[in-house]
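In what follows, a single structure is set out as structure tokens and then discussed.
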Amino acid sequence: MKGYALITGGAAGLGKAFAHELSGRGYNIILVDLPGSGLSFVCDEIEKRYHNSTVFFECDLTDIDSLVEMTKAVNNKYDVSLLINNAGIGGTRRFENADLDYINNIIQLNVTATTVMVKLLLPNLKRQPKSFVLNVSSMAAFSPIAFKTVYPASKAFVHSFTRGMHQEYKKTNVFFSVVYPGPMKTNADVTARINSQGLLGRLGLLSPQKVAKLSINQLFRRDPYIIFSTLNWLFMTVTPVWFRLPILSSAMKRELKRR
């Protein structure tokens, strides 16, 4: 076994796919997700299939006190050699209709929790002979988008934070990488939103299982900047913002109208 991999947002979607992928590669698994999200069932499934150790922590990562207590418990008992900050939240709403809880949850989960997880688990990661941190950003990090506004900004933070950490720790035993998934049908709500966005929403569409496998392959090849769709990347970075912003925003507006 290769020590423990801690995965946030591990009860479903990409987080669950990461858990299966890493279990198949010999890692013990620590899953973190909200209370009542079904973590025990995922752990049972993994143990029966791969015969390795799995543990879970039910934790609301937007609650900083709970996050601190959870990481303290992990650091006291487990040697973590891989951290995947996968938990995140988004959505499509007109900004004036978004309540403060909606906005705050995006910032707390996508920005604060990602940063604090790295901060508090870094001493544990540094104790291991070799360790990895994979932060999950999004293709949305590369462009502002109307009717999403806060979400792309939060994923741009994940991009900038991880790139800075990679540079700061590049000569240590802790390797930092960031992945930029495109659209994924991770649950019924996300699937409905992707379908409502038309062709643009399906550009670069991959399954969570495929994203997890490709991400881990590239991570272990020490790729600090993981992108799957060159076409997506070119559209989001090379085309001028005055061209791409109205196109992206129109797709989000269509989604809102079809709800």
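Values in this document were obtained by computation on a predicted structure and should not be read as measured data. Along the sequence shown, residues carry numbers from 1.
- The shortest side-chain heavy-atom distance between Cys43 and Val55 does not fall under the 4.5 Å cut-off.
- By the 4.5 Å heavy-atom criterion applied to side chains, Pro183 and Asn232 are counted as neighbours.
- Judged by distance alone, the side chain of Asn75 and the main-chain N or O of Thr71 form a donor-acceptor pair under 3.5 Å.
- Looking at every heavy atom in both residues, Phe228 comes nearest to Ser215 through CZ-OG, 3.3 Å.
- No continuous path of ILVMFWY side-chain contacts below 4.5 Å connects Val136 to Leu34, so the two sit in separate hydrophobic clusters.
- Ala17 and Pro208 make their closest contact through CB-O, 3.5 Å (heavy atoms, listed as atom of the first residue, atom of the second, distance).
- Within the 4.5 Å cutoff, the side chain of Val42 has no heavy atoms near those of the Phe56 side chain.
- Listed for the Ser66 side chain is no donor-acceptor partner under 3.5 Å among the backbone atoms of Cys59.
- One finds the CG atom of Leu82 at 5.0 Å from the OH atom of Tyr27 (value rounded to the nearest 0.5 Å).
- Hydrophobic clustering places Ile7 together with Phe220 (ILVMFWY residues linked when any side-chain heavy atoms are closer than 4.5 Å, directly or through intermediates).
- The two atoms that bring Pro152 and Ser143 nearest to each other are CB-O, 3.5 Å, heavy atoms only.
- With 3.5 Å as the limit, one finds no donor-acceptor pair spanning the side chains of Ser137 and Lys155.
- No more than 12 heavy atoms of other residues, nucleotides or ligands lie within 6.0 Å of CZ in Phe95, so this atom counts as exposed by the packing criterion.
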### Task
Show your reasoning for whether side-chain contact (heavy atoms from CB on, under 4.5 Å) applies to Phe157 and Thr114.
CA-CA 10 Å; Phe157 172 87; Thr114 295; 5.5 Å; no
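- Hydrophobic clustering of Ile, Leu, Val, Met, Phe, Trp and Tyr side chains at less than 4.5 Å, counting indirect connections, keeps Tyr151 apart from Val158.
- Asp79 CG to Leu125 CG: the interatomic distance, rounded to the nearest 0.5 Å, is 10.5 Å.
- One hydrophobic cluster holds both Val238 and Tyr225 under the rule that ILVMFWY side chains link at heavy-atom gaps under 4.5 Å.
- Scanning both residues, Lys16 and Glu45, for their nearest heavy atoms gives CE-OE2, 3.3 Å.
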### Message
One pair to check against side-chain contact (heavy atoms from CB on, under 4.5 Å): Ile29 and Tyr50. What are the steps and the verdict?
### Response
CA-CA 11 Å; Ile29 302 296; Tyr50 303 100; over 6 Å; no
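- Two residues are said to be in side-chain contact when any heavy atoms from C-beta on lie closer than 4.5 Å; Tyr169 and Val133 fail this criterion.
- A donor-acceptor pair under 3.5 Å is formed between the side chain of Asn124 and the backbone N or O of Tyr78.
- Within the model, atoms CG of Leu134 and CZ of Phe175 stand 9.5 Å from one another, a figure rounded to the nearest 0.5 Å.
- Between Phe132 and Ile216, the closest side-chain pair of non-hydrogen atoms is not below 4.5 Å.
- Here the side chains of Leu234 and Thr239 are not in contact, with every heavy-atom distance at 4.5 Å or above.
- Checking Asn135 against Thr162 by side-chain atom types alone, a donor-acceptor pair falls below 3.5 Å.
- Separation of atoms NZ (Lys72) and CG (Leu121) is listed at 13.0 Å; rounding is to 0.5 Å.
- Residue Leu122 holds its CG atom at 7.5 Å from OG1 of Thr172, rounded to the nearest 0.5 Å.
- Side-chain contact annotation: Gln209 with His20, donor-acceptor N/O pair under 3.5 Å absent.
- Remark: the backbone N or O of Gly9 is paired with a side-chain donor or acceptor of Asn86 at under 3.5 angstrom.
- Each of Val241 and Ile145 belongs to its own hydrophobic cluster when Ile, Leu, Val, Met, Phe, Trp and Tyr are linked at side-chain heavy-atom distances under 4.5 angstrom.
- Annotation: His159 is in aromatic contact with Phe142 [ring centroid separation under 6.0 Å].
- The shortest side-chain heavy-atom distance between Pro129 and Asn173 does not fall under the 4.5 Å cut-off.
- No donor-acceptor pair under 3.5 Å is formed between the side chain of Lys130 and the backbone N or O of Val174.
- To the nearest 0.5 angstrom, Glu255 atom CD is 3.5 Å from Thr92 atom OG1.
- For the pair Thr8 (side chain) and Ala87 (backbone), a donor-acceptor distance under 3.5 Å is present.
- Here the closest non-hydrogen pair linking Val211 and Leu14 is CG1-CD1, 3.7 Å.
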### Task
Starting from the C-alpha separation in whole Å, work towards a yes-or-no answer on side-chain contact (heavy atoms from CB on, under 4.5 Å) for Arg93 and Phe147.
CA-CA 5 Å; Arg93 297 185 188 181; Phe147 307 105; over 6 Å; no
### Query
Going through the checks in order, is the side-chain contact (heavy atoms from CB on, under 4.5 Å) test met by Met117 and Met70?
CA-CA 10 Å; Met117 288 289 294; Met70 180 271 293; 3.7 Å; yes
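- Taking a 6.0 Å sphere around CZ of Phe41, one finds it holds 12 or fewer heavy atoms contributed by other residues, nucleotides or ligands.
- The closest side-chain donor-acceptor pair between Tyr4 and Ser53 falls under 3.5 angstrom.
- A search for salt bridge (charged side-chain N to carboxylate O under 4.0 Å, His left out) contacts involving Arg25 returns Glu21, not counting sequence neighbours.
- For the pair Ser160 (side chain) and Ala156 (backbone), a donor-acceptor distance under 3.5 Å is absent.
- His166 has its side chain out of reach of Val178: every pair of non-hydrogen atoms, C-beta onward, lies at least 4.5 Å apart.
- The minimum heavy-atom distance linking Asn110 with Ser154 is given by the pair ND2-OG, 3.0 Å.
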